[in-house]
Amino acid sequence: MTGKLASGVAYTSQIPTALDNVALSPLLLDHKVQVTGANPDTTSLVTVLMDLLPVLLIVGVLVWFGLRARKQMSGGLGGIMGIGRSKAKVYDEEKPSTRFADIAGYEGSKAEVMEVVDFLKHPGRYAAAGAVGPKGVLMVGPPGTGKTLLARAVAGEAGVPFFALSGSSFVEMFVGVGASRVRDLFLDARKRAPSIIFIDEIDAIGGRRGPGGFGSNDEREQTLNQLLSDMDGFEPGARVVVMAATNRAEILDPALLRPGRFDRTVEIPLPNQKERTAILGIHGKGKKLGADVDLDAVSRATPGFSGADLANLVNEAAINAVRARRDVLVAEDFDSARDRLLIGRRDAFNALMPEEKRSVAVHEAGHAFVAMLSEHADPVAKVTILPRGAALGTTEQLPESERHLYPLSYLTDSLAVRLGGRAAEIIVLGEASTGASNDLAGATDLATRMVREWGLSDEIGPVGYGPEGPTRDNPFAGRAYAEETQRSIDREVARLLREAEIRATGLLRGHLEVLDRVIELLLERETIDGKDLAAIVGMPARNTGRPQTLAPRAVVVAARGASVILKATFDQEGFSQRRRQSRP
């Protein structure tokens, strides 16, 4: 309310309408006050926009979805918001910096892969000889052997576009997305032909179909069917090579491995000693190595290590040097790093009671002494009763050279060494303990394979039943022999173990005085190297390289309670020479 007073002064006030006061208007009229009024202006532009904003948002969202749907209808099964598009990373002008020269060893594997690159870069030379290049190359090998690194080197060496992605990137929760991405990937590759497609971990989509594999309506099976069709189906690729990597080739579908799809399989095995030395040299570049570091000795002590394991070993050695406030890596750093990776962290607070410490010393002295007296056993590198990880003590052996075949004499000596710790406990302490649990498990596994798979039993004879359980060729396989045969196998395994224990006990009883000196020296020093042990026993030390070098292949430990610390694994020829650590 606005107005003027009798004196002419303007004023502004507010009528308290909330109080429902109806006496003001009659009062003004009685005093002859001229009153005019108007409704407030409620149709401003801001008010109109605020009222229409929700409607405009809804209309905008509907229009956007309509445009997306129209684009998808015109462009095929692209998936919602482009989810069906390929997720491959394309290396075209800019190639990765990795080259074949950066990969140590694997000369045969590199040569096979390099032929594929050469075929794409120079197809005329192959056409002149009537040769047809491979359509697919499958790289197979254990984890960490450098399959992906080799693929990066191919991308770096190739002068053609390189599409890289993993098998899991094809799989989504939406039906048909995987197949759509395969189509989109091959469409892009054909447009840029000649080109290379690399699929890492192809077992994510290439598993066996049918019984024992995917269901008939599984999304991964549809993706696999589309991949098979694009590789060699009604629409064969034009100068497009598919490279793939897996560490589980046994589960791949046979249709993937036939000629015309993956024509060539390149094995990427664990590196041998010479290759391990070269790999250590590559990972040692840029690091300051002490004068006492012998990479050849380190490689001898790491049989079964992959390239990734060796890289981790060098990195752990560098971390150990940093802890000691040094920037130079010495031999002790590599020893500690190898212990850390194979057995576990050194636990300085895990103090043993005196009777436990003596029991561990007796156990490890038994292992080491039997190994020293066994003609075909590997030389002892180090014996320690310092707890590390879940192991209370460790006896480590270093092979004189890498083995590929294992004679019966070597295997029987291995059984005796494994049971030497338990035999020493019975002889010296009068009773066995739970510290031999891992030894018994490893010895039983070795004896079982000697009888069942390698034909090293006179009673069973030259029969190899192979490993139990599903295999690549027969996913439903179980035990391939009768109950009576199983009883014979059990008897032979028990006989081998009893004979090994009798042999270990006989060796120890014949040298009790020397065994006592080894035990007392272990209790005094806590760690004995191979040369000192040979001097105590009175035998010439065999070639063990540097005394401190560890041997992961023939490690025997005293386990805490019934826990399994190091589990031996084998391949088809024999030992895989690698110990995999498992916790209780």
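Numbers for residues simply follow the sequence, beginning at 1. Side-chain atoms are counted along with the backbone in the values below, which use heavy atoms only and exclude waters and symmetry mates.
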Donor-acceptor under 3.5 Å (T384 side chain, E526 main chain): yes
Is the shortest side-chain heavy-atom distance between F262 and V137 below 4.5 Å? no
Determine yes or no for a side-chain-to-main-chain donor-acceptor pair under 3.5 angstrom, with T302 supplying the side chain and S299 the backbone. yes
Gap between atom CZ of R276 and atom CG of L295 - 0.5 Å precision: 12.5 Å
Cationic N near anionic O, under 4.0 Å, R338 to E316: no
Close side-chain approach of F162 and S195, heavy atoms under 4.5 Å: no
Rounded to the nearest 0.5 Å, how far apart are CD1 of I528 and CG of L522? 3.5 Å
Beyond-backbone contact of I103 with L149, side-chain heavy atoms, under 4.5 angstrom: yes
Does a salt bridge link D529 with K382, judged by any charged N lying under 4.0 Å from a carboxylate O? no
N315 vs H283, test: side chain to side chain donor-acceptor pair (under 3.5 Å). Steps then yes/no. CA-CA 9 Å; N315 186 63; H283 293 299; over 6 Å; no
Is there side-chain contact between L257 and L138, with heavy atoms separated by less than 4.5 Å? yes
Decide side chain to side chain contact (heavy atoms under 4.5 Å, CB included) for V451 and L456; before the verdict, give the C-alpha distance in whole Å, the side-chain angles of both, and the deciding distance to 0.1 Å. CA-CA 5 Å; V451 174; L456 300 179; over 6 Å; no
Are side-chain heavy atoms of H363 and V360 found at a separation under 4.5 Å? no
SB check D413 R503 (cutoff 4.0 Å): yes
I need the H367 NE2 to L419 CG distance, nearest 0.5 Å. 8.5 Å
Nearest-0.5 Å distance that lies between atom CG in L497 and atom OG1 in T448: 7.5 Å
Apply salt bridge (Lys or Arg N to Asp or Glu O under 4.0 Å) to E501 and list each qualifying residue two or more places apart in sequence or on a separate chain. R422
Might you work through the side chain to side chain contact (heavy atoms under 4.5 Å, CB included) test for V493 and M450, ending with a clear yes or no? CA-CA 8 Å; V493 170; M450 290 172 62; over 6 Å; no
For E201, what residues pass the side chain to side chain donor-acceptor pair (under 3.5 Å) criterion, not counting sequence neighbours? none
Going by the rule salt bridge (Lys or Arg N to Asp or Glu O under 4.0 Å), which residues pair with E267 if we only count those two or more places apart in sequence or in a different chain? none
Do R264 side-chain atoms and E112 backbone N/O form a donor-acceptor pair below 3.5 Å? yes
Ignoring hydrogens and angles, tell me if any N or O in the side chain of S433 forms a donor-acceptor pair with the backbone of G435 under 3.5 Å. yes
To the nearest 0.5 Å, what is the distance between OG1 (T412) and CG (L496)? 9.0 Å
Taking the side chain as C-beta and beyond, is there a heavy-atom pair between T527 and V383 under 4.5 Å? no
S306 side chain to D309 main-chain N or O, any donor-acceptor pair under 3.5 Å? yes
With no hydrogens and no angle check, is any side-chain donor or acceptor of N272 less than 3.5 Å from a backbone partner on E275? yes
With a 3.5 Å cut-off and sequence neighbours excluded, list the donor-acceptor pairs that the side chains of residues 317-331 form with protein atoms.
unit_1	atom_1	unit_2	atom_2	d
N320	ND2	D333	OD1	2.7
R326	NH1	V328	O	2.7
R326	NH1	D333	OD2	3.0
R326	NH2	D333	OD1	2.9
R326	NH2	D333	OD2	3.3
D327	OD2	K288	NZ	3.1

Is there a side-chain contact between L411 and W454 (heavy atoms, below 4.5 Å)? yes
Ignoring hydrogens and angles, tell me if any N or O in the side chain of R261 forms a donor-acceptor pair with the backbone of A255 under 3.5 Å. yes
What verdict does the side chain to side chain contact (heavy atoms under 4.5 Å, CB included) test give for M243 and V154, after you've listed the backbone C-alpha separation in whole Å, the side-chain angles of each residue and the deciding distance to 0.1 Å? CA-CA 10 Å; M243 298 182 62; V154 171; 3.9 Å; yes
Once you round to the nearest 0.5 Å, how far does OH of Y410 lie from OG of S374? 11.0 Å
Test side chain to side chain contact (heavy atoms under 4.5 Å, CB included) on I205 and L224 and set out the steps. CA-CA 6 Å; I205 59 169; L224 174 59; 5.5 Å; no
Donor-acceptor contacts under 3.5 Å from residues 140-148 side chains, at least two apart:
unit_1	atom_1	unit_2	atom_2	d
T145	OG1	P142	O	2.8
T145	OG1	I268	O	3.4
K147	NZ	G141	O	3.2
K147	NZ	P142	O	3.0
T148	OG1	D200	OD2	3.0

Quick check: closest heavy atoms across V380 and A371, and the distance to 0.1 Å? CG2-CB, 3.6 Å
E364 side chain to T395 backbone, donor-acceptor under 3.5 Å: yes
Do R192 side-chain atoms and P161 backbone N/O form a donor-acceptor pair below 3.5 Å? no
Which residues pass the salt bridge (Lys or Arg N to Asp or Glu O under 4.0 Å) test with D296, not counting sequence neighbours? none
F334 vs D292 side-chain heavy atoms within contact, under 4.5 Å: no
Evaluate salt bridge (charged side-chain N to carboxylate O under 4.0 Å, His left out) for D263 paired with R258, printing each intermediate quantity in order. CA-CA 7 Å; D263 310 89; R258 74 160 177 81; over 6 Å; no
